[in-house]
Structures are given as structure tokens and as C-alpha cells.
Amino acid sequence: MSGLRGGRYGGEGRRSVLIALVSTVVFAIVLVVGVTHAPGWREVKTSFFNGREFRSSLPEVSHAFLLNVRIFLISEAFILVFALLVAVVRSLPGPVFFPLRVMAIAYADLFRGVPTILVISLLGFGAPALQLSWIPLSTTFWGIVALVLVYTAYVSEVYRAGIESVHPSQEAAARSLGLSHGQAMRFVILPQAVRRVIPPLLNDFIGLQKDTALVGILGSIEAFKQADIDKAATFNFTPYVAAALLFVAITIPLTRFTDWLIARDRRRRQSSGVRG
């Protein structure tokens, strides 16, 4: 009987997958036909999907995209460290650390509340205007600073959620072994918390990779800015498509990797639950 039920359920699963695939293909065909038969499709194709303009702009846009990658990697390195510090400060117990907790909360609330493009504009245009000799004038530098400030606020909340997800008995067990609060946090709580929040961390960094394009408003020649320059020279929007494809080439693998990590964590939890 179990074999019959397994075969029936397996057949239903394959049929469901087949129906989903067919419906997806049909929807894609209808969408393509509808777009390509629109009255203005010829003008849109010339303006956005011009093969000659694509081949002409891709090398310059790709070279500029390297700046996006550098901004992303530098920002991520600082964000991972600073966000963890903010999250740990927010979890410090006792009234003596109350001022530090208030400062950490105010920081997270402020930079999560202000749009990223405004933070980049305020820092990028405001800080150099002070004309202090020790303040860098590089627009890329201030773009990185702005991204670090904003995303540290977001990522600190992810870390904090991971810390709070660790059962209090873990710290109690560590303290019973003679560890201080700091040692329990470092050796017991943080390793578990970081492992649990890796998927949402990757989601935040996918957003960070896309937001590196905002640095272009300060004048840095990254992919979007270069595409905008090419568009202004040719009056054709195809360079935007080239820049978009470069961002997609980075974000899709990161997204699939995140999905794989989430699925692996779900399987691990399910298997541990079965063994328990």
C-alpha cells in the first residue's frame, strides 16, 4: 500500500511540475508576443535594444563596473565588523551600559530611516565643502562611507536578531562553566548567531551591490554613471541595459547561493528534529 501511495504522490508531483512549466512557458510567450506587437515596439527596440550600441558601450560600462565591485567589497568588509559591534553593544546587560545601548539604538534608527541616496548626497557634497585639509575629497570615499553607515544599521539588526535567537540557557551554561559575559558572547553565542543569520546577511549584501550605483550621483564613474554618459552622447538607452545585465550577472548567483543556504539550513533543522 505504501508503494502505491508513493507512486501516486510521485505522479502527482511530476504532473504539478509539468503544469507549472507549461503555464510558465505559455505566459512568457504571451508576454513576448504582446510586447513585440505593441505599436511602439520598433522605437523601443531601437532605443533600448540596439545591438550596435550595446557592443559599443559594453567595454566602457564593464570597466566602470569594476568600481562598483571594489566599492561593494570594501564596504562589505567594514559593514560586517561595525554591524557586529553595534549589535553586541545593544545586547550589553546592566544599567551601566544604558548610554551605549541608547547610542546604538539611535544610530540604527537614524540611518535606517534616512534614504540611502540622501545620506550619500549629504556626505558626498557636504563633507568636502568644509574645506578641511584632513577631510578626503574623493567622491568614491564618501560614497563608501555613506554605504557603510547605512548598511551597518541594517546589518546590525540582523546580527541582533541572531543573538536574541540563541536560547538564554546557552549563556547560562557558559557562565556556569566560569566564563564571563564577554567570553560567553564570543565563544558560545556569537558563533551560533552568525551561523543562523548568514542567509539574511547575504540578502542585505545583494542590496548593497545594487546600491553601489548610487555613488554615481557624486560623480564617480561607475557602471550606471558610465552608461548615463554614453546615453547622453548617443541619445540611446541601450547602455543602461548593458549596465543592468552586469548587475544581474552578480546578483543572480548570490541570490541562488542564498536560497541554497536557506534550504540547507532547513534540512539540517528538520534532520535534527527527527533525531531528537
Side-chain angles (χ1 to χ4, degrees), residues 35 40-41 43-80 83 111-129 135-155 201-258:
V35 170
W41 167 245
E43 290 75 14
V44 169
K45 181 180 178 182
T46 301
S47 299
F48 288 88
F49 303 102
N50 188 300
R52 181 174 58 83
E53 295 294 340
F54 182 86
R55 291 188 296 271
S56 174
S57 63
L58 184 60
E60 291 182 336
V61 175
S62 299
H63 185 271
F65 185 68
L66 295 177
L67 179 59
N68 294 89
V69 176
R70 287 197 294 270
I71 292 173
F72 168 71
L73 294 176
I74 295 172
S75 301
E76 181 179 0
F78 284 103
I79 291 167
L80 284 172
F111 284 100
R112 285 190 301 156
V114 181
T116 305
I117 193 170
L118 289 181
V119 178
I120 293 175
S121 299
L122 291 171
L123 283 178
F125 296 123
I135 289 184
L137 300 178
S138 169
T139 56
T140 301
F141 171 83
W142 289 111
I144 292 174
V145 171
L147 290 174
V148 169
L149 288 173
V150 171
Y151 274 88
T152 293
Y154 284 103
V155 174
L201 280 179
L202 288 175
N203 280 324
D204 280 335
F205 288 132
I206 290 171
L208 172 64
Q209 170 59 33
K210 294 184 296 183
D211 280 350
T212 58
L214 297 175
V215 179
I217 66 173
L218 301 179
S220 299
I221 308 299
E222 45 75 50
F224 173 73
K225 186 67 174 181
Q226 183 61 54
D228 197 47
I229 293 171
D230 292 344
K231 183 269 298 181
T234 62
F235 299 98
N236 190 282
F237 296 96
T238 302
Y240 288 153
V241 177
L245 290 177
L246 292 173
F247 280 100
V248 168
I250 294 292
T251 55
I252 286 183
L254 285 175
T255 303
R256 297 286 75 80
F257 181 61
T258 302

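- Taking CG of D204 as the start and CG of L80 as the end, the distance is 10.5 Å to the nearest 0.5 Å.
- Looking only at distances, no side-chain donor or acceptor of S56 sits under 3.5 Å from a matching main-chain atom of R52.
- At distances below 3.5 Å, not a single donor-acceptor pair connects side-chain atoms of S57 with backbone N or O atoms of D230.
- Of the inter-residue distances, the one linking T234 atom OG1 with I229 atom CD1 reads 12.0 Å to the nearest 0.5 angstrom.
- Between F224 and Y240, the angle of the ring planes stays under 30°, which puts this pair in the parallel group of the 30/60° scheme.
- Formation of a donor-acceptor pair under 3.5 Å by the N236 side chain with backbone atoms of K231 is not found in this model.
- Here the shortest heavy-atom pairing between G124 and L218 reads CA-CD2, 3.6 Å.
- Relative orientation of the W41 and F49 rings is tilted, given thresholds of 30° and 60° on the angle between their planes.
- By the 4.5 Å heavy-atom criterion applied to side chains, I221 and L67 are not counted as neighbours.
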Open item on the list: What verdict does the side chain to side chain contact (heavy atoms under 4.5 Å, CB included) test give for V241 and F237, after you've listed the backbone C-alpha separation in whole Å, the side-chain angles of each residue and the deciding distance to 0.1 Å?
Closed with: CA-CA 7 Å; V241 177; F237 296 96; over 6 Å; no
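- Contact detail for I250 and Q209: the closest heavy-atom pair is CG2-CG, 3.8 Å.
- The CG atom of L201 sits 11.0 Å away from atom CD1 of I206, with the distance rounded to the nearest 0.5 Å.
- In this structure, NZ in K225 is found 9.5 Å from CD1 in I217, a value given to the nearest 0.5 Å.
- Distance alone, capped at 3.5 Å, places no donor-acceptor pair between the S220 side chain and the G216 backbone.
- Rounded to the nearest 0.5 angstrom, H63 NE2 and L58 CG are separated by 13.0 Å.
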TODO: Take T212 and N68 through the side chain to side chain donor-acceptor pair (under 3.5 Å) test and state the conclusion after the steps.
DONE: CA-CA 6 Å; T212 58; N68 294 89; 3.1 Å; yes
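- Note that CZ of F72 is 9.5 Å distant from CZ of F65, once rounded to the nearest 0.5 Å.
- Of all heavy-atom pairs between V61 and A242, the closest is CG1-C, 4.4 Å.
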Sequence neighbours excluded and cut-off under 3.5 Å, please list the side-chain donor-acceptor pairs for residues 141-151, or say none.
unit_1, atom_1, unit_2, atom_2, d
W142, NE1, P136, O, 2.7
Y151, OH, G207, O, 3.1
Y151, OH, L208, N, 3.3
Y151, OH, D211, OD2, 2.5

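- The side-chain heavy atoms of F205 and L254, taken from C-beta on, include no pair separated by under 4.5 Å.
- Within 6.0 Å of the CZ atom in F247, the count of heavy atoms belonging to other residues, nucleotides or ligands exceeds 12.
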